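The structure presented is a predicted model; accordingly, all values stated were derived computationally and were not measured. When a residue number appears, it is its place in the shown sequence, counting from 1.
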Amino acid sequence: MTRQTMTMGADVADYLLRVGVREHPVQRALREFTATHRLAKMQIAPEQGQFLTWLVGLTGARRYLEIGTFTGYSALTVTLAMGEQGSTVCCDMSTEFTTIARQYWAEAGVDGRIDLYVQPAVRTLAMLLAQGEAGTFDLAFIDADKNNYPEYYETCLQLVRPGGIIAIDNILLNGRVVDPQPDHPRSVPIMRAFNDALVNDPRVSLCILPMGDGMTLLRKL
């Protein structure tokens with residue numbers, strides 16, 4: 001027994017993947033393709049994808065908002081989990097990465113249920129609010145540029161319904177949030193302040209999972 005989350009070696013991680021993750025064939029193909037990419041570390045871990053799938057089933061989510069899509073694994077995962085009644089809005093800045101995403105979404109037959117906006121996420125989020133979409137999303141996932149996390153969070157808090165979930169990735173920054181070195185990039189103190197603010201935010205209930213690079217879950221009250 002242990003009072004702390006264990007550190008996993010490659011053998012335990014492989015075992016976890018084998019017994020703890022169910023994937024659609026296109027999900028697996030996309031994950032394996034992205035693993036060869038020069039920026040593969042930007043993709044969520046497969047166990048995070050499995051958790052999002054489970055969360056969709058638990059909450060009955062049918063509207064999903066994603067900030068930071070990369071090659072599309074998380075969007076594909078959640079859209080498949082929501083089924084034919086679900087719809088997804090994705091925000092990303094890269095045509096290069098999202099072209100890959102579109103190919104795999106089409107292969108899985110979910111491309112018609114995903115609206116992708118390739119522009120600054122703040123612009124897309126403002127557009128959604130202007131269109132009267134406040135309180136209409138069941139689940140939001142923030143996994144983009146860290147400097148804008150506070151702004152993304154505040155807008156998602158408006159767009160997600162009461163009882164809905166906001167998931168936030170990379171809240172540990174590979175351990176740098178507790179590293180006292182003064183020469184870190186600006187994102188490190190921003191993330192520290194953001195994490196400190198969330199734990200005391202009365203508008204949400206909070207849970208942090210030590211999977212991937214740390215995932216915060218927030219339920220809007």
Quiz item: Are the side chain of Asp92 and the backbone of Val118 linked by a donor-acceptor contact shorter than 3.5 Å?
Solution: no

Quiz item: Is the shortest heavy-atom distance from the side chain of Leu217 to the side chain of Ile208 under 4.5 Å?
Solution: no

Practice problem: Not counting sequence neighbours, which residues clear side chain to side chain donor-acceptor pair (under 3.5 Å) with Gln27? List them please. | Solution: Thr77

Exercise. Evaluate the criterion side chain to side chain contact (heavy atoms under 4.5 Å, CB included) for residue pair Thr59 and Asp138; output intermediate values, then yes/no.
Key: CA-CA 8 Å; Thr59 62; Asp138 302 302; 5.5 Å; no

Quiz item: Is the shortest distance from a Lys or Arg side-chain nitrogen in Glu96 or Arg38 to a carboxylate oxygen in the other one below 4.0 Å?
Solution: yes

Quiz item: Just by distance, with hydrogens left out, do Asp201 and Tyr153 show a side-chain donor and acceptor under 3.5 Å apart?
Solution: yes

Quiz item: Same hydrophobic cluster for Ile171 and Ile190, using side-chain heavy-atom links shorter than 4.5 Å among ILVMFWY?
Solution: no

Self-check item: Spatial distance of atom CE (Met191) from atom CG (Leu173) [nearest 0.5 Å]
Solution: 4.5 Å

Self-check item: Result of checking Ile44, Thr69, Ile165, Leu55 against Phe141 for side chain to side chain contact (heavy atoms under 4.5 Å, CB included)
Solution: Ile44

Quiz item: Would you call Phe137 and Val89 a side-chain contact if the rule is heavy atoms closer than 4.5 Å?
Solution: yes

Quiz item: If you measure from OG1 on Thr71 to CH2 on Trp105, what distance do you get to the nearest 0.5 Å?
Solution: 9.5 Å

Exercise. Give the intermediate values and the outcome of side chain to side chain contact (heavy atoms under 4.5 Å, CB included) for residues Met211 and Phe51.
Key: CA-CA 10 Å; Met211 62 169 60; Phe51 177 74; 4.1 Å; yes

Quiz item: Of Arg28, Arg31, Gln50, which is the lone residue that meets side-chain hydrogen bond (donor to acceptor under 3.5 Å, both in side chains) with Glu23?
Solution: Arg31

Practice problem: State plainly whether one hydrophobic cluster holds both Leu139 and Leu80, where clusters connect Ile, Leu, Val, Met, Phe, Trp and Tyr through side-chain heavy atoms under 4.5 angstrom apart. | Solution: yes

Exercise. State, to 0.1 Å, how close Gly135 and Arg161 come at their nearest heavy-atom pair, and which atoms those are.
Key: O-CB, 3.3 Å

Practice problem: Would you check if the side chain of Glu32 reaches a backbone N or O of Ala29 as a donor-acceptor pair within less than 3.5 Å? | Solution: no

Exercise. Following the transitive rule for hydrophobic clusters with a side-chain heavy-atom cut-off under 4.5 Å over Ile, Leu, Val, Met, Phe, Trp and Tyr, establish whether Leu58 and Val56 coincide in one cluster.
Key: yes

Quiz prompt | Contact check, side chains of Arg203 and Lys220, non-hydrogen atoms, under 4.5 Å | solution = no

Quiz item: Is a side-chain donor or acceptor of Thr53 paired with a backbone partner of Gly49 at a separation under 3.5 angstrom?
Solution: yes

Practice problem: For residues Met82 and Thr88, determine if any side-chain heavy atom of one lies less than 4.5 Å from a side-chain heavy atom of the other. | Solution: yes

Quiz item: Between Ser74 and Glu66, is any side-chain donor less than 3.5 angstrom from a side-chain acceptor?
Solution: yes

Practice problem: Kindly check if the number of other-residue, nucleotide or ligand heavy atoms within 6.0 Å of CD (Gln131) is above 12? | Solution: yes

Quiz item: Does Asn170 reach the side chain of Lys146, with side-chain heavy atoms less than 4.5 Å apart?
Solution: yes

Self-check item: Worked check of side chain to side chain contact (heavy atoms under 4.5 Å, CB included) between Val204 and Ile166
Solution: CA-CA 9 Å; Val204 293; Ile166 301 172; 5.6 Å; no

Quiz item: Between Val177 and Asp179, is any pair of side-chain heavy atoms under 4.5 Å apart?
Solution: no

Quiz item: In Å and rounded to the nearest 0.5 Å, what is the CZ to OG distance from Arg219 to Ser205?
Solution: 4.0 Å

Quiz prompt | Single-linkage hydrophobic cluster Leu30~Leu52, side-chain heavy atoms < 4.5 angstrom | solution = yes

Quiz prompt | Test log, rule side chain to side chain contact (heavy atoms under 4.5 Å, CB included), inputs Leu198 and Leu218 | solution = CA-CA 9 Å; Leu198 287 182; Leu218 303 158; 4.1 Å; yes

Quiz prompt | Spacing of Asp213 atom CG and Arg176 atom CZ [to the nearest 0.5 Å] | solution = 8.0 Å

Quiz prompt | Single-linkage hydrophobic cluster, 4.5 Å side-chain cutoff, Tyr117 and Ile100 together | solution = no

Practice problem: List the atom of Leu221, the atom of Pro202, and the distance in Å for their closest heavy-atom pair. | Solution: CD1-O, 3.4 Å

Self-check item: Separation between CE of Met93 and CG of Asp145, rounded to the nearest 0.5 Å
Solution: 8.5 Å

Quiz prompt | Stepwise salt bridge (charged side-chain N to carboxylate O under 4.0 Å, His left out) check, Arg102 with Glu107 | solution = CA-CA 9 Å; Arg102 288 183 189 273; Glu107 186 177 345; over 6 Å; no

Quiz prompt | Distance (rounded to the nearest 0.5 Å) between Leu16 CG and Met8 CE | solution = 5.5 Å

Quiz prompt | Heavy-atom pair with the smallest gap, counting every atom of Ala75 and Cys90 | solution = CB-SG, 3.6 Å

Quiz item: Is there side-chain contact between Leu17 and Glu47, with heavy atoms separated by less than 4.5 Å?
Solution: no

Quiz item: Are side-chain heavy atoms of Ile142 and Cys156 found at a separation under 4.5 Å?
Solution: yes

Quiz item: Which class fits the ring pair Phe97 and Phe70: parallel under 30°, tilted 30 to 60°, perpendicular over 60°?
Solution: perpendicular

Exercise. Would you check if there is a donor-acceptor pair between the side chains of Thr136 and Glu133 at a distance under 3.5 Å?
Key: yes

Quiz item: Looking only at heavy atoms, which two atoms of Ala121 and Ile67 are closest? And how far apart?
Solution: CB-CG2, 3.7 Å

Quiz item: Per the side chain to side chain contact (heavy atoms under 4.5 Å, CB included) rule, which among Leu65, Asp143, Leu125 passes with Tyr152?
Solution: Leu125

Exercise. Count the heavy atoms of every other residue, nucleotide or ligand shown that sit under 6.0 Å from CD of Glu84, and state whether that count exceeds 12.
Key: no

